[in-house]
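To start, the structure itself, in structure tokens.
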Amino acid sequence: MSNNRAINLVPYDEVRNTWPSAGNHIIASYTDDAVLVFQAFNDEIADYALQHQKFEGCQAYNDTRMTWVKSNWLWMMYRSNYATKKNQTRILGLWLKKSAYNDILNKARLKGPGAGLLRAQWDPDYSPELEPIRRRRDLQLGIKKRESFKNGEDFVEIVDCTALAHLSKKTRSIPPERVYIPDDIVCQNLEVTK
């Protein structure tokens, strides 16, 4: 695996056949040193984050709210309706250092007792038509008051994926995602299917 972080789109039908058909799985684009997660923002936050490569200092960004990031492209497209929902018209790709991503996974908890500033939640995967695929679930992570996320220390790079979102809808294509398998403790704590 290389450290090339260029984001290209590939036909959905080519990629989906490489994924498990059922269960709880982390579907993501990743390299040796980084994992790509997505979040939708308004223009003010997106422009600031792209220019400064962090959220700290952006008056519109509120780290006391839970920020939900998704490693699965189509889940992000569902949530933002391909970057057309109000205040979700910009899709940022947040290349997290693999060490930061793994730290978040290690500290995240499913909702319920013990869930705090880092949460994990399983949601249905989605087709390019934004129809739920209920037999396969993907992980989204809620992040709140994580200083290294806000100040940019967790990031290798923040990139604008908005144009890719619009192209993705027209072409039924997605970034080349594959199953990400965390360590055994994370798999147990977050109920990842092995």
Side-chain angles (χ1 to χ4, degrees), residues 1-10 12 15 18-19 25-58 60-61 63 66-80 82-83 88-108 117-121 125 138-168 173-183 186 190 192:
M1 185 55 41
S2 73
N3 290 325
N4 178 6
R5 288 184 294 279
I7 304 172
N8 300 306
L9 298 178
V10 296
Y12 171 73
V15 180
T18 66
W19 301 335
H25 299 280
I26 301 171
I27 307 288
S29 294
Y30 56 95
T31 67
D32 289 340
D33 68 343
V35 177
L36 182 60
V37 298
F38 303 100
Q39 178 57 305
F41 292 102
N42 62 33
D43 286 336
E44 182 180 354
I45 296 172
D47 289 340
Y48 184 93
L50 289 165
Q51 180 180 350
H52 300 279
Q53 293 293 294
K54 62 182 182 176
F55 297 105
E56 185 175 59
C58 178
Y61 182 79
D63 80 327
M66 189 68 71
T67 295
W68 290 92
V69 297
K70 298 95 181 150
S71 61
N72 179 281
W73 175 258
L74 286 172
W75 206 103
M76 183 74 264
M77 296 304 97
Y78 164 76
R79 182 69 178 95
S80 68
Y82 286 98
Q88 296 185 45
T89 57
R90 299 285 295 282
I91 306 298
L92 295 186
L94 311 171
W95 280 104
L96 290 172
K97 294 174 186 172
K98 193 176 269 188
S99 59
Y101 185 73
N102 287 332
D103 184 59
I104 292 167
L105 287 176
N106 278 310
K107 293 176 180 172
L117 300 179
L118 296 172
R119 293 190 186 164
Q121 179 175 309
D125 198 354
D138 201 357
L139 191 69
Q140 65 171 321
L141 295 168
I143 300 169
K144 181 178 180 181
K145 293 185 178 181
R146 183 175 166 98
E147 188 63 29
S148 55
F149 186 87
K150 185 173 80 169
N151 70 21
E153 290 176 25
D154 283 347
F155 304 126
V156 174
E157 184 178 16
I158 299 175
V159 296
D160 193 341
C161 296
T162 309
L164 285 176
H166 300 298
L167 181 61
S168 176
S173 56
I174 64 170
E177 297 174 332
R178 54 203 165 102
V179 175
Y180 183 88
I181 303 172
D183 67 38
V186 170
L190 300 184
V192 178

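Because the structure is predicted, anything quoted here is derived from the model rather than measured.
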Exercise. Taking side chain to side chain contact (heavy atoms under 4.5 Å, CB included) as the test, write out the residues that go with Ser173, two or more places apart.
Key: Leu9, Thr171
Quiz item: For Arg119, what residues pass the side-chain hydrogen bond (donor to acceptor under 3.5 Å, both in side chains) criterion, not counting sequence neighbours?
Solution: none
Self-check item: Partners meeting ring-ring contact (aromatic ring centres under 6.0 Å, His included) with His166 (sequence neighbours left out)
Solution: none
Practice problem: Can you sort out the partners of Phe38 under ring-ring contact (aromatic ring centres under 6.0 Å, His included), two or more places apart, ordered by chain and number? | Solution: Trp73
Quiz prompt | By salt bridge (charged side-chain N to carboxylate O under 4.0 Å, His left out) - contacts of Arg79 (at least two apart) | solution = none
Quiz item: Salt bridge between Asp154 and Lys54, side-chain N to carboxylate O under 4.0 Å?
Solution: no
Quiz prompt | Glu147: side chain to side chain contact (heavy atoms under 4.5 Å, CB included) partners, not counting sequence neighbours | solution = Glu56, Lys150, Asn151
Practice problem: Quick one: list whatever passes side chain to side chain contact (heavy atoms under 4.5 Å, CB included) with Ala40, sequence neighbours left out. | Solution: Met76, Ser80, Gln88, Ile91
Practice problem: Apply side-chain hydrogen bond (donor to acceptor under 3.5 Å, both in side chains) to Tyr180 and list each qualifying residue two or more places apart in sequence or on a separate chain. | Solution: Asn102
Quiz item: Using 4.0 Å as the upper bound for N to carboxylate O, is an ion pair formed by Asp33 and Lys97?
Solution: no
Quiz item: Mind checking what makes side-chain hydrogen bond (donor to acceptor under 3.5 Å, both in side chains) contact with Ser99, not counting sequence neighbours?
Solution: none
Quiz item: Considering residues at least two apart in sequence or located in another chain, which fulfil the salt bridge (charged side-chain N to carboxylate O under 4.0 Å, His left out) criterion with Asp160?
Solution: Arg90
Quiz prompt | Residues forming a ring-ring contact (aromatic ring centres under 6.0 Å, His included) with Tyr78, sequence neighbours excluded | solution = Trp75, Tyr126
Quiz item: Residues two or more places apart in sequence or in another chain: which of them pass side-chain hydrogen bond (donor to acceptor under 3.5 Å, both in side chains) with Asn72?
Solution: Asp125, Asp138
